[in-house]
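Every heavy atom of this structure was used, including side-chain atoms; hydrogens, water molecules and symmetry mates were not. Bear in mind that the values here come from a model prediction, so they are computed numbers and not experimental data. Positions are given from 1 along the sequence.
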Amino acid sequence: AQPSDRPREKAELRYANFGVKYAADVKLPLITAVNIDGARAKRIKRGADQWFSDGRIPGAVQLNAGNYADPEIDRGHMVRREDPNWGPLAQTANDDTFHYVNACPQHGDLNQGKLLWQGLENHILDSVRTAGTRACVFTGPVIGEDDPEVDGARVPLEYWKLVATADDQGKLRATAYLLSQGQMIRTLM
């Protein structure tokens with residue numbers, strides 16, 4: 001993906017090396033897509049996080065800092081901060097991941113769990129970097145009618161991730177994952 005103010009599809013937000021398909025009615029990304037290039041990956045140290053609204057869509061249909069007031073709720077990147085950090089737009093891509101339209105409310109235990117969301121993300125990125133290969137990663141929330149609300153924001157109970165790569169012979173391989181924060185959120189509520 002290349003940054004664009006004129007995407008081809010409705011509700012599509014393009015950033016450097018990734019894109020977001022956004023649903024204004026639930027104030028969440030429906031799906032995100034990121035290209036990872038392990039051979040050209042750049043490590044960018046995380047600084048003081050600054051989150052932004054995307055000026056291309058009305059602020060009223062985006063979550064904001066107030067929706068994350070509960071200290072147990074994280075801004076869960078759908079496109080992980082490090083995944084699009086490759087090539088000449090690496091720093092721009094890194095910074096672009098801090099748009100609220102690229103995040104969903106995630107319980108801190110899920111988001112930061114070494115055996116949960118963060119662990120899955122680490123495994124994917126480390127595998128692609130080590131092999132020096134490429135991957136396309138698609139991520140999003142499972143939006144259900146019974147999703148709770150925290151601070152006026154809808155909180156999905158589950159999240160999915162699909163990873164597509166090519167093997168040594170160029171054959172497409174894909175794996176899919178589903179992680180739940182249902183019990184964590186129910187306990188919080």
Cationic tip of Arg75 above Phe52 ring, under 6.0 Å, 45° of axis
no

Given side chain to side chain contact (heavy atoms under 4.5 Å, CB included), test Phe138 with Thr32 step by step and report yes or no.
CA-CA 5 Å; Phe138 304 92; Thr32 62; over 6 Å; no

Output the distance between atom NZ (Lys27) and atom CG (Leu63), rounded to the nearest 0.5 Å.
6.5 Å

Lys161 and Leu120, any side-chain heavy atoms less than 4.5 Å apart:
yes

The test is side chain to side chain contact (heavy atoms under 4.5 Å, CB included); show your working for Val142 and Tyr159 and say whether it passes.
CA-CA 5 Å; Val142 176; Tyr159 295 91; over 6 Å; no

Could you grab the distance from atom CZ of Arg173 to atom NZ of Lys171, nearest 0.5 Å is fine?
5.0 Å

Pairwise distance CG(Asp25) to CG(Leu30) - rounded to 0.5 angstrom
7.5 Å

Tell me, please, which residues at least two apart from Trp160 pass ring pair (Phe, Tyr, Trp, His ring centres under 6.0 Å).
none

Determine the minimum heavy-atom distance between Gln181 and Pro156, stating which atoms define it.
NE2-O, 2.7 Å

To the nearest 0.5 Å, atom CG of Asn85 lies from atom CZ of Arg80 at 9.5 Å

What is the minimum heavy-atom distance between Pro29 and Pro141, and which atoms define it?
O-CD, 3.0 Å

May I ask whether Leu89 and Trp86 are part of the same hydrophobic cluster, defined by side-chain heavy atoms of I, L, V, M, F, W, Y residues being less than 4.5 angstrom apart, directly or through others?
no

Looking at Arg81, Arg46, Glu82, which hits side-chain hydrogen bond (donor to acceptor under 3.5 Å, both in side chains) with Asn94?
Arg81

Would you indicate whether the side-chain heavy atoms of Gln62 and Ile57 approach each other to under 4.5 Å?
yes

A quick test of your reading: do over 12 heavy atoms of other residues, nucleotides or ligands sit less than 6.0 Å from CG of Leu178?
yes

Distance check, rounded to the nearest 0.5 Å: Thr130 atom OG1 versus Leu125 atom CG?
9.0 Å

When you compare the side chain of Val137 with that of Leu162, does any pair of heavy atoms fall below 4.5 Å?
no

Counting only N and O atoms by type, is there a donor-acceptor contact under 3.5 Å from the side chain of Ser180 to the main-chain atoms of Gly182?
yes

Taking every non-hydrogen atom, the tightest pair across Thr165 and Arg134:
CG2-O, 3.6 Å

Please report, to 0.1 Å, the donor-acceptor pairs under 3.5 Å made by any side chain of residues 38-45, with sequence neighbours excluded.
from, atom 1, to, atom 2, distance (Å)
Arg40, NE, Asp37, OD2, 3.0
Lys42, NZ, Gly87, O, 3.1

Side-chain donor or acceptor of Tyr22 paired with backbone N/O of Val61 under 3.5 Å:
yes

Is it the case that Gln118 and Asn122 place a side-chain donor and acceptor less than 3.5 Å from each other?
no

Interatomic spacing from CG in Asp147 to CG in Leu28 - rounded to 0.5 Å
8.5 Å

Side-chain donor-acceptor pairs under 3.5 Å in residues 99-113, sequence neighbours left out?
from, atom 1, to, atom 2, distance (Å)
His99, ND1, Asp96, O, 2.8
Tyr100, OH, Ala65, N, 3.2
Asn102, OD1, Val79, N, 2.9
Asn102, ND2, Val79, O, 3.2
Asn102, ND2, Thr97, O, 3.0
His107, ND1, Asp109, N, 3.0
His107, NE2, Glu72, OE1, 3.4
Asn111, ND2, Asp74, OD2, 3.0
Gln112, NE2, Asp74, OD2, 2.7

So, for Ala93 and Phe18, which heavy atoms are closest and what is the spacing to 0.1 Å?
O-CE2, 3.8 Å

Measure up the His77 and Trp51 rings against each other and bin them: parallel (under 30°), tilted (30 to 60°), perpendicular (over 60°).
tilted

For the pair Val163 and Tyr177, evaluate side chain to side chain contact (heavy atoms under 4.5 Å, CB included) and give the outcome as yes or no after the intermediate values.
CA-CA 9 Å; Val163 182; Tyr177 307 89; 4.1 Å; yes

For Asn35 and Asn17, test the side chains for any donor-to-acceptor distance below 3.5 angstrom and give the result as yes or no.
no

